[in-house]
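Worksheet for the structure shown next.
First listed ligand is number 1; within each ligand, the first listed atom is number 1.
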Amino acid sequence: MEVQERLAGIRARIQAACARAGRDPDEVTIIAVTKYTTLEVAEEVLAAGLVHIGENRWQDVQPKWEAIGERAVWHFIGSLQTNKVKDIIGKFSYIHSLDRLALAQELNKKAASLAEPVKCFIQVNVSGEETKHGLAPGELEAFVRSIADMSHIRVVGLMTMAPHDSHGEAARSVFSGLRRLRDELNGQQIYPYPIPGLSMGMSGDFETAIEEGATCIRLGTVLVGQG
Ligand SMILES: *Cc1c(COP(=O)(O)O)cnc(C)c1O
């Protein structure tokens, strides 16, 4: 199946999920995760009208980035080593995996030369699985305080992943948990800007994520296949 056909089906599912939750589908941004696929498929994604592309390893994405460049808005969704920040800074507008102070410091330093702050989602390990990256929910407030005055990064949201084996309903408490954490942070006003975003939901659970308030869903397999 072509990306365009798959996208039509996905859009219908997004609309239905939004209707169930009383949300406007325009509030939900699709990030096409092309990490499994080739440049040709990434071009198909753009031709289908999507502009947000998610990737998780610079070594793999580099040829795609060089061919596509600013025709796409790039999202870094994988765990990010501090020494790799220099490779991606200025190329990726969004980092979805901010999860530690050393990484925030390096991003803030390397982004100083850019015209705009680099937009970041703080990754939170809501499910508490040991294999997952991200801050524990209890660490979030202190972390936000510690980065609040870094002017070259801008926290725009929180990001999480549901456990691998949880489809749909089992993921719901993880997603609603992330939403509550975001709402608490905004209520406390410890960050100088509102934090509106929720990056949550993948191929197996994006409808539940939308029902729980996702503003960005990260779709790989369901949109581009396995490559
Ligand atoms: C690979 C990946 C995705 C996409 O996964 P699918 O299940 O194929 O949609 C989303 N988010 C992150 C962080 C990923 O690494």
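Close contacts of ligand 1 with R218, meaning ligand atoms under 4.0 Å from a residue heavy atom, involve 4 (C), 9 (O), 10 (C), 11 (N), 12 (C), 13 (C). Set against the non-hydrogen atoms of S203, the atoms of ligand 1 under 4.0 Å away are 6 (P), 7 (O), 8 (O), 9 (O).
Note on ligand 1: L219 sits in its first shell, one or more heavy atoms being nearer than 4.0 Å. Proximity of F206 to ligand 1 is not established, as no heavy-atom distance is less than 4.0 Å.
Closest to atom 1 (C) of ligand 1, if we only count protein heavy atoms, is K35 NZ, 1.4 Å. For atom 12 (C) of ligand 1, the nearest non-hydrogen atom of the protein is I77 CD1, 3.5 Å. Residue, atom and distance of the protein heavy atom nearest to atom 8 (O) of ligand 1 are T221 OG1, 2.5 Å.
Annotation: cation-pi pair K91/W65 present, NZ/CZ under 6.0 Å from the ring centroid and within 45° of its normal.
Close N/O approach between N56 and ligand 1 is not found [any backbone or side-chain N/O within under 3.5 Å].
Remark: E212 does not engage R180 in a salt bridge, criterion side-chain N to carboxylate O under 4.0 Å. Here R145 pairs with E141 in a salt bridge; the nearest charged N to carboxylate O distance falls below 4.0 Å. Ionic pairing of R154 and E116 is not present here: no N-O contact between side-chain nitrogen and carboxylate oxygen is shorter than 4.0 angstrom. Classification of E55 and K35 as a salt-bridged pair fails, no side-chain N sitting under 4.0 Å from a carboxylate O.
Under a 3.5 Å cut-off, the side chain of T215 and the backbone N or O of L198 do form a donor-acceptor pair.
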